[in-house]
Amino acid sequence: MYDRAEKGERAVLVQTSKAGDTDAAARLDEFAELATSAGAKVVARAFARVDAPNARFLLGTGKVEELREIRLANEADLILVNDTLSPVQERNLEKFCECRVIGRTGLILDIFALRARSHEGKLQVELAQLKHMATRLVRGWSGLDSQRGGAIGLRGPGETKLELDRRYLRGRIQQLQERLDKVALQREQTRRSRQRNAIPTVSLVGYTNAGKSTLFNRLSGAGVYAADQLFATLDPTLRRIDGLPCGPFVLADTVGFIRDLPHDLVAAFQSTLAETRDADLLLHVVDAADPEREQRMADVAEVLAEIGAAELPQVVVFNKIDRMDGAAPRRDDIDGGRQARVWISAAQDLGLDLLREAIVGQLGRDRVRRVLHLAPAQGRLRARLYEAGVVQQETVADDGGWAIALDAPRARLQALFGLGDGDGGFLRTALAAEFAAAHDAG
């Protein structure tokens, strides 16, 4: 969606901050990594104190004049602002500085456009870009006020190019949304198939560049692209893992998170993020050597809450211990073993056995396995159990009922306790012993 120069564009970076802001420098360093990932060459950096945002520029007028001089002195092609710019502010900055100006959201969208490889990923990124662009059409570079009319076959009341562009964007957005709805339906059918087969899903989550794809390759033997850069991979990848005492499970590698992740992207990637939201266990991968790791973990927790995955069981995986002095692989059990923290290095193949043990322990602890006897009159409950994907096996009983072998995460069964027609109460009573044992173990 964005024109890109063949060579790296020269960029000036601007970091906004407020009084008492202590991590502005760290945020600017991360923003510089984003700019580099997008193919820009950073030629200058600037800090701007913004306690009360200027409605016209976001920045103060004095800082805008200084920024224009910095841009001219360094012959920069564009200015990147690590903040959210309104369409009006973006347009005013461009006019005053006489170059393109892009905010944080636009830069991240550009990187996502570079990284997307699958059909679904490209659709998601284009949808997010179009929604972002729809509010910025007034910035057009090529005669958006020209009238369509006056030529043979084109005469009529006339219509501005801006109106035509808006109509095109609305149509394209609707088309993309319909395509993504179909992809989402296919993903949902695949997830339901896995649930019917009682195969749990373990999803890798974490801040971008924490090493998720490298860990995914180590655990699954896959050849997913991994690199030491932000958003190296976007498209979700699933692999079945066998050979562990907990039985088979599906390992999912998804897009990395970042602070202030644009809401348009979160909305566009809902079907992809559903692999995380519907997982039975999350492996929260953390760069252990990152001095900002606590803030990174908080940023990931915020995104997980936004997509409805905050309450899922987690194993926190502190990766890259090879970059820490004196660090060795270890596993820490917390809250009586209900949570685990594992220190590893995926790149150096250190501590992965400890991680596998933690996965086995969590999946085993969180699952309920027992045979449930249903009477012939409980056909509705039988259908609901199948729909929820908690049935592993079934045999017909002598009385015409069913002996159903349940194998499912405890949370999925507990969600069925709210069923009407007495079905929820029956399940709650029938599984009371299993849930009481789990409570005592915790």
Side-chain angles (χ1 to χ4, degrees), residues 120 180-203 236 238-242 244-252 254 270-282 307-309 311-313 359-360 362-439:
E120 180 185 12
L180 283 172
D181 289 343
K182 292 181 180 179
V183 174
L185 179 60
Q186 293 171 352
R187 282 192 173 278
E188 181 62 26
Q189 291 172 341
T190 301
R191 277 193 292 272
R192 286 183 179 275
S193 176
R194 292 201 304 266
Q195 291 173 355
R196 284 194 295 271
N197 293 326
I199 300 178
T201 299
V202 177
S203 183
L238 307 177
R239 291 291 187 275
R240 175 175 169 136
I241 308 296
D242 293 292
L244 296 181
C246 63
F249 63 88
V250 173
L251 185 65
T254 57
Q270 281 298 331
S271 63
T272 301
L273 294 174
E275 293 293 349
T276 296
R277 187 184 63 241
D278 298 338
D280 300 294
L281 175 66
L282 301 181
I307 65 175
E311 302 302 322
L312 294 177
I359 294 173
V360 170
Q362 291 298 316
L363 289 180
R365 173 186 293 274
D366 189 55
R367 294 189 79 80
V368 172
R369 296 180 176 89
R370 68 153 294 176
V371 176
L372 190 67
H373 294 277
L374 301 183
Q378 292 179 294
R380 180 191 296 272
L381 175 56
R382 171 178 174 267
R384 287 173 167 175
L385 292 175
Y386 270 100
E387 183 180 0
V390 300
V391 179
Q392 183 184 43
Q393 190 176 357
E394 174 191 277
T395 57
V396 179
D398 293 338
D399 62 354
W402 304 272
I404 294 181
L406 300 179
D407 184 356
R410 186 170 288 103
R412 193 178 300 167
L413 287 170
Q414 193 167 11
L416 299 176
F417 290 174
L419 291 174
D421 303 323
D423 290 342
F426 173 83
L427 284 176
R428 186 184 298 108
T429 301
L431 301 176
E434 281 74 11
F435 278 81
H439 182 270

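Note that the structure is predicted; figures quoted are calculated from it, not measured.
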Engineer: Kindly give the heavy-atom pair with the smallest separation between Trp402 and Ala375, and that separation in Å.
Structural biologist: CZ3-O, 3.3 Å
Engineer: Nearest 0.5 Å, what's the CG-CG distance between Leu413 and Leu372?
Structural biologist: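 The CG atom of Leu413 sits 9.5 Å away from the CG atom of Leu372.
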Engineer: Identify the two heavy atoms, one from Leu312 and one from Ala279, that lie closest to each other, and give their separation to 0.1 Å.
Structural biologist: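 Residues Leu312 and Ala279, closest heavy atoms: CD2-O, 3.5 Å.
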Engineer: Got Phe249 and Asp280 here, is their nearest side-chain heavy-atom distance under 4.5 Å?
Structural biologist: no
Engineer: Side chains of Leu374 and Leu385: closer than 4.5 Å at any heavy-atom pair?
Structural biologist: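 They are in contact (side-chain heavy atoms under 4.5 Å apart), so the answer is yes.
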Engineer: If you take all heavy atoms of Tyr386 and Glu394, which pair is closest and at what distance?
Structural biologist: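 Closest approach of Tyr386 to Glu394: OH-OE1, 3.1 Å.
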Engineer: Verify side-chain contact (heavy atoms from CB on, under 4.5 Å) between Leu381 and Asp421, making sure each step is shown before the conclusion.
Structural biologist: CA-CA 9 Å; Leu381 175 56; Asp421 303 323; over 6 Å; no
Engineer: Please give me the minimum heavy-atom distance between Ala430 and Arg370, naming the atom from each residue.
Structural biologist: O-NH1, 2.5 Å
Engineer: When you compare the side chain of Gln378 with that of Ile404, does any pair of heavy atoms fall below 4.5 Å?
Structural biologist: no
Engineer: Check whether any side-chain heavy atom of Leu406 lies under 4.5 Å from a side-chain heavy atom of Leu431, and answer yes or no.
Structural biologist: yes
Engineer: Give the minimum heavy-atom separation between Gly420 and Arg384, together with the two atoms involved.
Structural biologist: O-NH1, 3.3 Å
Engineer: Provide the closest heavy-atom pair for Gly401 versus Pro376 in the form atom of the first, atom of the second, distance.
Structural biologist: N-CG, 3.6 Å
Engineer: So for atom CZ, which belongs to Arg380, do other residues, nucleotides or ligands contribute more than 12 heavy atoms lying within a distance under 6.0 Å?
Structural biologist: no
Engineer: Looking at NE2 of His373 and OG1 of Thr395, how far apart are the two atoms once the value is rounded to the nearest 0.5 Å?
Structural biologist: 8.0 Å
